[in-house]
Q: 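Please find one structure pasted underneath; my questions will follow.
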Amino acid sequence: MSELSMDNFPLDEQLIREYLLDNPDFFNRFPELLLAMRVSHTERGAISLVERRQEILRTRVTQLEEEITSLMKIATENEKIFRFNRELALKILKCEDLGQLRQAVSESLKQEFGFTHVRLITVHDIDSELANIWRQRIQQGYYFGRLTQAESKRLFGSEVGSVALTKLSEENGQVIFGVASADAAHFHPDMDHLFFEQIRDLIDHMLPKF
């Protein structure tokens, strides 16, 4: 019978990995291994597993702090939008005619977010420019992004940076609710439309009353 040696039992790194994952207290039972083993480091050469673990934990803590800061910023922005929508809803519900409605929506959006233009535009088929915007730009119900020079002038009377456009319900005919910003990057195709959907629904609710 041939003599057994370690060469007859090649190590399987995956098995070692799985064993250590299944036995997280392994190094507690053999603490000397933590100091004896070395891993490479791009800046400091070879370091112990303890040092490497501490470094990984510090990096992870930094990442978590950044994630928490980002989440807090998003929460603050969401609260700001919630409060704005609530106040705007109260103003809209008090409007007695279309002129007051236009003024309430326009002034509120411009003051709160610095938008340059806010429009409610009725589209008639004989107006080919508006009809094309209705059928093409907001075919899916919403459009966020940039317009051509001609489209900008037809909708807002001047060139603008970027826009958010949405359709009102068919009950109100072909009506476009449009908001423009001087910043060409403010509105973009990947934006969520919930904010404008809420304002659109309020306008939809009030228009038949006038």
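As the structure is a computational prediction, the values presented were derived from the model and not from experiment.
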Q: Using 0.5 Å steps for rounding, measure from the CD1 atom of Ile176 to the CG atom of Leu165.
A: 6.5 Å
Q: How long is the straight-line distance from CG of Leu202 back to NE2 of His205, given to the nearest 0.5 Å?
A: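 Result: 8.0 Å between the selected atoms.
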Q: Could you give the distance from OH (Tyr143) to NZ (Lys167), rounded to the nearest 0.5 Å?
A: 14.5 Å
Q: For residues Gln111 and Glu107, is any side-chain donor paired with an opposing acceptor at under 3.5 Å?
A: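 Checked: Gln111/Glu107 side chains show no N/O donor-acceptor pair below 3.5 Å.
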Q: Please determine whether the number of non-hydrogen atoms from other residues, nucleotides or ligands lying under 6.0 Å from atom CZ of Arg29 exceeds 12.
A: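 More than 12 heavy atoms, drawn from other residues, nucleotides or ligands, come within 6.0 Å of this atom.
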Q: Which one of Val118, Thr116, Ile121, Val163 satisfies the side chain to side chain contact (heavy atoms under 4.5 Å, CB included) criterion with Phe156?
A: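 Passing option: Val163.
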Q: Give a yes or no on this: more than 12 heavy atoms of other residues, nucleotides or ligands lie within 6.0 Å of atom CD of Glu77.
A: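 Counting other residues, nucleotides and ligands, CD of Glu77 exceeds 12 neighbours.
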Q: Measure the spacing between OG of Ser158 and CD of Gln149 and express it to the nearest 0.5 Å.
A: 10.5 Å
Q: Is the distance between the ring centroids of Phe115 and His186 under 6.0 Å?
A: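 Yes, the ring of His186 comes within the 6.0 Å limit of the ring of Phe115, centre to centre.
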Q: Kindly indicate, with the supporting measurements, whether the criterion side-chain contact (heavy atoms from CB on, under 4.5 Å) is fulfilled by Leu93 and Met206.
A: CA-CA 7 Å; Leu93 292 173; Met206 293 298 293; 3.9 Å; yes
Q: If you look only at pairs with a residue in residues 144-156, which of them pass as a salt bridge (Lys or Arg N to Asp or Glu O under 4.0 Å), with sequence neighbours excluded?
A: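 Matches after skipping sequence neighbours: Asp127-Arg154, Glu129-Arg154, Arg137-Glu151.
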Q: Indicate, with yes or no, if Ile133 and Val160 share a hydrophobic cluster defined by side-chain heavy-atom contacts under 4.5 Å among Ile, Leu, Val, Met, Phe, Trp and Tyr.
A: yes
Q: Minimum heavy-atom separation for Ala104 and Leu88, please, with both atom names.
A: O-CD1, 3.9 Å
Q: Angle class for the Phe187/Phe144 ring planes (parallel below 30°, perpendicular above 60°, tilted otherwise)?
A: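 Ring orientation of Phe187 relative to Phe144: tilted.
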Q: Which value, rounded to the nearest 0.5 Å, describes the distance between Leu130 atom CG and Gln174 atom CD?
A: 10.0 Å
Q: Group every Ile, Leu, Val, Met, Phe, Trp and Tyr by side-chain heavy-atom contacts under 4.5 Å, then state whether Phe26 and Ile16 land in the same group.
A: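 In one cluster: yes.
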Q: Does Asp22 have any salt bridge (charged side-chain N to carboxylate O under 4.0 Å, His left out) partners at least two apart in sequence or in another chain, and if so, which?
A: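 Partners of Asp22 by the salt bridge (charged side-chain N to carboxylate O under 4.0 Å, His left out) criterion come out as none, since no residue qualifies.
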Q: Restricting to pairs with a member in residues 84-99, which pass salt bridge (Lys or Arg N to Asp or Glu O under 4.0 Å), not counting sequence neighbours?
A: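 Qualifying pairs, neighbours excluded: none.
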Q: Do Trp134 and Leu168 sit in one hydrophobic cluster, given that two such residues count as connected whenever their side-chain heavy atoms are within less than 4.5 Å of each other, even indirectly?
A: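 The answer is no; the residues belong to distinct hydrophobic clusters.
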Q: Could you go through Ile203 and Leu120, starting from their C-alpha distance and side-chain angles, then the distance that decides it, and tell me whether this counts as side-chain contact (heavy atoms from CB on, under 4.5 Å)?
A: CA-CA 10 Å; Ile203 297 172; Leu120 276 175; 4.1 Å; yes
Q: Under a single-linkage definition using a 4.5 Å side-chain heavy-atom cutoff for Ile, Leu, Val, Met, Phe, Trp and Tyr, are Leu109 and Met191 assigned to the same hydrophobic cluster?
A: yes
Q: Quick one, Val123 with Val175, criterion side-chain contact (heavy atoms from CB on, under 4.5 Å). Give me CA distance, side-chain angles, the key distance, then yes/no.
A: CA-CA 6 Å; Val123 179; Val175 181; over 6 Å; no
Q: Working to the nearest 0.5 Å, report the span between OG1 of Thr166 and CZ of Phe196.
A: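 That separation rounds to 9.0 Å.
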Q: Please test Asn85 against Phe195 for side-chain contact (heavy atoms from CB on, under 4.5 Å), starting from the C-alpha separation and ending with a verdict.
A: CA-CA 8 Å; Asn85 277 346; Phe195 172 63; 3.4 Å; yes
Q: Holding to salt bridge (charged side-chain N to carboxylate O under 4.0 Å, His left out), I want the full list of residues that pass it with Arg135, two or more places apart in sequence or in another chain.
A: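 Once residues adjacent in sequence are excluded, the partners of Arg135 under the salt bridge (charged side-chain N to carboxylate O under 4.0 Å, His left out) criterion are Asp125.
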Q: I'd like to know whether CD1 of Ile126 has more than 12 heavy-atom contacts from other residues, nucleotides or ligands below 6.0 angstrom.
A: no
Q: Could you tell me which residues satisfy side chain to side chain contact (heavy atoms under 4.5 Å, CB included) with Gln139, sequence neighbours excluded, listed by chain and number?
A: none
Q: Check for me whether the distance between the ring centres of Phe177 and Tyr142 falls short of 6.0 Å.
A: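 No - the distance between ring centres of Phe177 and Tyr142 does not fall below the 6.0 Å cut-off.
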Q: Determine yes or no for a side-chain-to-main-chain donor-acceptor pair under 3.5 angstrom, with Asn23 supplying the side chain and Asp25 the backbone.
A: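 Checked: no pair found.
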Q: Scan residues 60-70 for pairs that pass side-chain hydrogen bond (donor to acceptor under 3.5 Å, both in side chains), counting only residues two or more places apart or in two chains.
A: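 Checked against side-chain hydrogen bond (donor to acceptor under 3.5 Å, both in side chains) - neighbours excluded - the pairs reaching residues 60-70 are Arg60-Gln63.
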Q: Treating Ile, Leu, Val, Met, Phe, Trp and Tyr as nodes and any side-chain heavy-atom pair under 4.5 angstrom as an edge, say whether Leu207 and Val105 lie in one connected cluster.
A: yes
Q: Could you report the tightest heavy-atom contact between Ser162 and Asp183, atom names first, then the distance?
A: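 Residues Ser162 and Asp183, closest heavy atoms: OG-O, 2.6 Å.
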Q: Look at atom CZ of Phe82 and say whether more than 12 heavy atoms of other residues, nucleotides or ligands are closer to it than 6.0 Å.
A: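 No, not enclosed.
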